[in-house]
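Below: the structure, in structure tokens.
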Amino acid sequence: MTQKSPKRYTITAALPYANGPVHIGHLAGVYVPADIYARYLRSQGRDVLFVCGSDEHGVPITIRAQKEGITPQQAVDKYHQMIKESFSEFGVAFDMYARTSNATHHQTASDFFKQMYEQGNFTEQVSEQYYDQKAGQFLADRYIQGTCPVCSNPNAYGDQCENCGSTLSPSELINPVSMLSGEKPVLKETKHWYLPLNQYETWLREWILQGHTEWKPNVYGQCKSWIEGGLQPRPMTRDLDWGIPVPVPGAEGKVLYVWFDAPIGYISSTKDYFKEKVANSTGEEWKLYWQSEDTRLIHFIGKDNIVFHCIIFPVILKAHGGYILPDNVPANEFLNLEGNKISTSRNWAVWLHEYLQDFPGKQDVLRYVLCANAPEAKDNDFTWKDYQNRNNNELVANLGNFVNRTLVLTNKYFRSKVPPCNQLFDLDKEIIAGIQEFPGKIAASIEAFRFREALAHLMDFSRLGNKYLGDTEPWKVIKENEARVQTILHISLQLTANLAIVMEPFLPFSAAKLNQMLGIQPFNWSSAGKLDLLPIGHSLKEAYLLFDKIEDAVVEAQVQKLLDTKKANEAANRKVPPAKAEVSFDDFTKMDIRVATILAAEAVPKTKKLLKLTLDTGLDKRTVVSGIAEHFKPEEIIGRQVCLLANLAPRDIKGIQSQGMILMAEDRDGSLSFINPEKVIINGGTVS
RNA sequence: GGCGAGGUAGCUCAGGUGGUUAGAGCGCAGGAUUCAUAACCCUGAGGUCGGGGGUUCAAUUCCCCCCCUCGCUACCA
């Protein structure tokens, strides 16, 4: 672990992809922890630059634009604006929120690539890819549609089948069709520039596996898995017309791979910060944050980005030379919603912009709940009931209540003027010790990226205040000993002022309110633990509630909204896939469909979905490999009659030659059913 | 299939280089109290730490096998 004492921090939060709004999963995984960390360091008086921006390149954006009949730039403009505004309203205090379609970024990423090219960091490889002759361009995986070889969904994409979740490559699709022209694509040679990750294996082992054993288990484990699995060269360029043109000869019509340019976005965002927000910038300051050894670089990301931030981007930085490497990459796991995975395409999410509209002024409640239940070590579940409970039982009943009790009592007994501190008893000294200890405990947890723990300490701190009031009972003591009550409330008020400091990274809006009620300017972290933040005689401002109870009806409405979504999804699923193009009778008669009987079935080793079937087709006994192992056990299906497309060209699957394809019908839930004759038919009987 | 991360009280989660009664918050039960948004404070009930083997004087913690969840990966007609 690097134990240097850094002069400055560069903090990055994963660039949100500009083809949809931000949801609570993004917030809990990345933006809330990153913001807490950045705010904490700023409060500590450290030199911090917290950068982010929209990731606006890549294939899905071009597809969305095409669907909506707009240009890719128009598509990203819409979401960039929306994301930027909702972050700002939510209190995520980026120093800079930039975007990868802007000029600074294009220049930066382009120069980056060019220098690496000139240094010989890339290897060139020619491969065959699908090409649309009518549209005159190569097709990204996503631009090819065809029938899924696994589940027979006719609308699978070249990279993935959204029906069964299988990862595919375009060559596997049955009857591939270009989404641009509807034509059948042809294979054509194309040249790309590869980053030879394999050449960096030794270095990565040293740097991560030996040098960063302190990284979180999920991050370290994932890196180890990749490194030990053998790294392959990865293409850093694509055949696409949306993105940053590859700045080298012979690369016309090609752009930088989105995962090459996106992380460089952190650097361009830093440049934009100085360009746009710092007067008299020399244009060189960004280098301090990216090239100076006394800077600590931290990437906040979700677990799906680990390989890019821990392996690929560092290799790019290393190969380019002159850059510092991430000191830590505290990746979080995923947040689920009401027991189901969050899904943008299924609209199963709580969208930030909608939350801000539905819960005005309640940014801190969501920040609190997402931090308290952040998926730091494993996937966690967000429920609205939990949201309500945490608000009512923790924020209202504990933190808000303590503050309110203290201010109300001070108002009642001392007309809102800070009373003096008189003789101290053991009970008081314990609380004073707590005031001196808690900020340090909270700080230590934040610095270890344990934000849930830090927040728990914060609540314990406020709980200490509640206990103090309960133990000392100033409302009773006031009747006979006002001096004693002065001391109790003096200490309670100092605790409150300390709370305002330590809650700021987590609950910035409430911290500001509290400072306002206390009538003070915000203190920074170096004042935390002090007992004289509020001078004796200082006048407090009018008190009001920091947090309000949330009624059942409010969260029930949100749950109902989700249930409606679920219903809508089910209705959408009921829709059968669209009709395919017309075929001629001749085409149909070309297919030789036969009744056959399953003689033997066994699982194909090293696969999850494949069964190797031996069939009696009447014509012969043959082997067919079928992707049905998740639906049927081998012993259950022996002896069954099935329909077989018998004259399909044979194909090798997992080293087994498959001679034909079993016909299966698929239900709404994805379950499969054999197509078999109503009565037993002779093997080899034709189907037409 | 391979790899990685998880599987700990009703719920959401901590923790553990192996060692007397395994922790927190919430929820629940009881008590005390009324300054406070019926909140706070105290006490208590609740767990064979996924299952099965093994190593050991001793395992929830180490080793092996299995099951479940999530992610990455795989020439899945």
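So that the names make sense, note that chain A is the first sequence line, chain B the second, and so on, each numbered from 1. This one's a predicted model, so the numbers in the text were calculated from it and none came from an experiment. Because only heavy atoms are used, hydrogens play no part in the values below, and waters and symmetry mates are left out as well, while side chains stay in.
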*Across the strands shown, which category fits A:A372 at heavy-atom distances under 4.0 angstrom: base, sugar-phosphate, nothing?*
nothing
*asked:* With rounding to the closest Å, how many angstrom separate the P atoms on B:U34 and B:A29?
replied: 23 Å
*Is B:A59 paired to anything, Watson-Crick or G-U wobble with both distances less than 3.5 Å, and if yes, which nucleotide?*
none
*Is there a side-chain polar atom (N or O) of A:N393 under 4.0 Å from OP1 or OP2 of B:G27?*
yes
_Short side-chain donor-acceptor distance under 3.5 Å, A:Q641 and A:N676_ = no
*Once you apply the 3.5 Å cut-off to both distances, tell me the Watson-Crick or G-U wobble partner of B:G4, or none.*
B:C70
*Inter-nucleotide C1' distance (B:G71, B:G53), Å rounded*: 29 Å
_Applying a 4.0 Å non-hydrogen cut-off, can you work out what A:P474 is touching in the nucleic acid: base, sugar-phosphate, or nothing?_
nothing
*State the pairing partner of B:C40; accept Watson-Crick or G-U wobble contacts with both distances under 3.5 Å, and report none otherwise.*
none
_More than 12 heavy atoms from other groups under 6.0 Å of CZ on A:R484_ = yes
*Could you say whether A:D304 or A:V408 is positioned toward the 5' end of RNA chain B, judged by the nucleotide with the nearest heavy atom to each?*
A:V408
*Any strand is fair game: report the nucleotide pairing with B:U33 by Watson-Crick or G-U wobble, both distances under 3.5 Å, or none.*
none
*When you measure from the centre of the six-membered ring of A:F334, is the NZ or CZ of A:K303 under 6.0 Å away and within 45° of the axis?*
yes
*Describe the nucleic acid contact of A:D381 in one word from base, sugar-phosphate, nothing, applying a heavy-atom distance below 4.0 Å.*
sugar-phosphate
*Electrostatic pair A:E338:A:K385 at N-O distance under 4.0 angstrom*: no
*Tell me the partner of B:G23, counting only Watson-Crick (N1-N3 plus N6-O4 or O6-N4) or G-U wobble (N1-O2 and O6-N3) with both under 3.5 Å; none if nothing fits.*
B:C13
_Side-chain N,O (A:K378) to OP1/OP2 (B:U69) below 4.0 Å_ = no
*Within the structure shown, what part of the strands sits under 4.0 Å from A:L546 by heavy-atom distance: base, sugar-phosphate, or nothing?*
base
*Answer with base, sugar-phosphate or nothing: what part of the nucleic acid does A:K224 contact at a heavy-atom distance below 4.0 Å?*
nothing
*Classify the nucleic acid contact of A:Y220 as base, sugar-phosphate or nothing, counting any heavy atom under 4.0 Å across all strands shown.*
nothing
*Could you give the CD-to-C1' distance, from A:Q232 to B:C72, as a whole number of Å?*
15 Å
*Does a side-chain N or O from A:K467 land closer than 4.0 Å to OP1 or OP2 of B:C42, or not?*
yes
_Regarding A:K476, tell me which of base, sugar-phosphate or nothing describes its non-hydrogen contacts under 4.0 Å with the strands shown._
sugar-phosphate
*Mapping A:E333 and A:N401 to their closest nucleotides on RNA chain B, which lands nearer the 5' end?*
A:E333
*Quick one: look up who B:G46 pairs with, Watson-Crick or G-U, both distances under 3.5 Å, and put none if it's unpaired.*
none
